[in-house]
Amino acid sequence: AEYNDMSDAMKLTTDGAIYYSYHNAGNTIVRYNKIHDSVGPQGHTGFYVQGLYIDALNSNWIVHHNIIWNVPGYALWSNCRQNFNKVFNNTCWNATQGSLGSSDPMAGESGTHIFNNLFNGPFVGDTWNLVDVRYNLYTDPGFATPFTGQLLSTASSAINQGTPITDVTDEYPVIGGTPDMGALEYNGTNWTTSVGYNPASSVNYTYSMSPTIYPNQVKDGSFESGSI
C-alpha cells in the first residue's frame with residue numbers, strides 16, 4: 001500500500017482503523033501514505049478509531065514514511081502476538097489517545113524494530129520491553145507552519161537525527177548526510193505530491209522485493225501462534 005490519501009473512514013463500526021489488517025504479512029510494505037481525519041460513527045461509545053491498526057497474530061509488516069494525524073484513537077496500534085515488524089520514519093501527530101499502543105500484554109515477542117519516528121507521546125502498555133526502540137522523538141519536533149511541502153521547520157530537533165536504514169531512508173535523497181526523523185526529509189523530496197490516483201501516470205508496474213533490514217529468516221514464522 002503506497003501513495004494513498006486515506007481519511008473519513010469507520011463510519012459504521014468501531015474497533016478498527018483507517019488502515020486495518022492482521023496476521024503474517026510476508027514483508028508487506030505500507031509506505032508513503034497520508035492517513036488522517038476520521039472521527040468514527042456519530043455518537044459511538046466503542047473502541048476509538050486508530051490510524052493504522054495491525055491486529056492479533058501479526059508479523060513481518062514493514063511500515064515506513066507514513067503521515068498519520070487527527071484520529072481520536074492512537075496513531076499506531078499493534079496487538080499481540082507480533083514479531084519482526086519494522087516501523088520506520090513515520091510522523092504521527094494529533095492522535096488523541098497517543099502515539100502507539102497495544103491492549104494485550106506480550107512476553108516472547110522478538111524481531112520488531114521501531115526507529116526514526118516522530119510520536120506525540122510515549123507508547124502505551126507493557127508490551128515493548130523486547131522491542132528494539134531507538135532514534136524516536138516523543139515531543140513536538142518543531143513543525144513548519146503553515147505546511148507548504150515541508151513538515152519540519154528550519155530549527156526542528158528532528159533534522160539529521162535519524163539513523164540510516166537500507167532501502168528505507170535512501171529511497172529519496174538524504175539532505176545533510178544523515179536522515180531526519182519522520183516521514184518527510186527537511187528540504188528533501190515532497191513525496192506527498194505523488195499521493196492519489198493519477199490516470200495519466202497509471203501503468204502496470206513489475207514489483208520486486210529487495211532484502212529488508214532485520215529480516216525474519218524463518219518462513220511462516222508465526223506458526224507457533226497457530227497462524228500457518
Side-chain angles (χ1 to χ4, degrees), residues 1-2 6 9-10 13-31 33 35-36 38 40 46-69 71-138 165 168 181-183 212-216 218 220-227:
E2 60 182 15
M6 294 178 272
M10 299 292 295
T13 60
T14 60
D15 192 10
I18 302 171
Y19 185 101
Y20 174 92
S21 194
Y22 65 105
H23 280 340
N24 190 333
N27 288 330
T28 292
I29 300 175
V30 182
R31 64 182 180 183
N33 299 290
I35 302 172
H36 61 101
S38 294
F47 201 46
Y48 300 104
V49 178
Q50 322 296 348
L52 190 152
Y53 185 170
I54 304 175
D55 211 343
L57 304 179
N58 68 83
S59 59
N60 299 304
W61 287 89
I62 304 169
V63 179
H64 73 83
H65 287 96
N66 299 284
I67 305 175
I68 305 173
W69 76 98
V71 293
Y74 291 83
L76 297 166
W77 189 267
S78 177
N79 278 337
C80 71
R81 306 187 67 92
Q82 55 94 357
N83 297 283
F84 289 94
N85 292 325
K86 276 78 74 174
V87 182
F88 301 138
N89 285 92
N90 300 284
T91 295
C92 304
W93 210 254
N94 201 29
T96 303
Q97 298 302 308
S99 58
L100 195 156
S102 177
S103 62
D104 302 309
M106 297 185 276
E109 271 64 17
S110 63
T112 290
H113 300 267
I114 304 176
F115 295 170
N116 293 354
N117 300 282
L118 296 178
F119 293 127
N120 67 299
F123 298 172
V124 172
D126 57 354
T127 62
W128 313 107
N129 56 312
L130 297 179
V131 175
D132 188 0
V133 181
R134 289 181 283 167
Y135 312 105
N136 303 293
L137 191 62
Y138 304 93
I165 303 171
V168 175
M181 296 176 177
T212 61
I213 193 169
Y214 310 119
N216 186 354
V218 179
D220 195 14
S222 292
F223 71 93
E224 70 277 5
S225 300
S227 177

Quick one: pull up [atom1] in [X] and [atom2] in [Y] and give me the separation to the nearest 0.5 Å.
{"X": "Y20", "Y": "Y53", "atom1": "OH", "atom2": "OH", "value": "5.5 Å"}
{"X": "Q50", "Y": "M10", "atom1": "CD", "atom2": "CE", "value": "8.5 Å"}
{"X": "N85", "Y": "N60", "atom1": "CG", "atom2": "CG", "value": "7.0 Å"}

May I ask you to decide if [Y]'s main-chain N or O and [X]'s side chain share a donor-acceptor pair within less than 3.5 Å?
{"X": "S99", "Y": "G121", "answer": "yes"}
{"X": "N79", "Y": "S102", "answer": "no"}
{"X": "T91", "Y": "L118", "answer": "no"}
{"X": "W61", "Y": "Y22", "answer": "no"}

When you compare the side chain of [Y] with that of [X], does any pair of heavy atoms fall below 4.5 Å?
{"X": "I165", "Y": "N89", "value": "yes"}
{"X": "I67", "Y": "H36", "value": "no"}
{"X": "Y74", "Y": "L100", "value": "no"}
{"X": "Y48", "Y": "V71", "value": "no"}

Worksheet entry | Single hit among V87, I54, I35 for side-chain contact (heavy atoms from CB on, under 4.5 Å) with L76 |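 Per the side-chain contact (heavy atoms from CB on, under 4.5 Å) rule, the option paired with L76 is V87, out of V87, I54, I35.
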Worksheet item: Sequence neighbours excluded, which residues qualify as ring pair (Phe, Tyr, Trp, His ring centres under 6.0 Å) partners of F88?
Response: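 For F88 the ring pair (Phe, Tyr, Trp, His ring centres under 6.0 Å) partners, ignoring immediate neighbours, are F115.
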Worksheet entry | Partners meeting ring pair (Phe, Tyr, Trp, His ring centres under 6.0 Å) with Y19 (sequence neighbours left out) |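 Y19: no ring pair (Phe, Tyr, Trp, His ring centres under 6.0 Å) contacts found.
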Using every non-hydrogen atom in the two residues, find where [X] and [Y] come nearest and quote the distance to one decimal.
{"X": "R31", "Y": "I29", "result": "CD-CG2, 3.6 Å"}
{"X": "A75", "Y": "C92", "result": "CB-CB, 3.4 Å"}
{"X": "P72", "Y": "S38", "result": "CD-O, 2.9 Å"}

Worksheet item: Should the pair F119 and F123 be assigned to parallel (<30°), tilted (30 to 60°) or perpendicular (>60°) ring geometry?
Response: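 Geometry flag for F123 against F119: perpendicular rings.
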Item to complete: Output all residues satisfying side chain to side chain donor-acceptor pair (under 3.5 Å) with Y138, sequence neighbours left out; order by chain, then residue number.
Response: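 With neighbours one apart ignored, the set is empty.
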Fill in: side-chain hydrogen bond (donor to acceptor under 3.5 Å, both in side chains), paired with N90, selected from N116, N117, N33, N136
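Result: among N116, N117, N33, N136, N117 is the only option passing the side-chain hydrogen bond (donor to acceptor under 3.5 Å, both in side chains) with N90.
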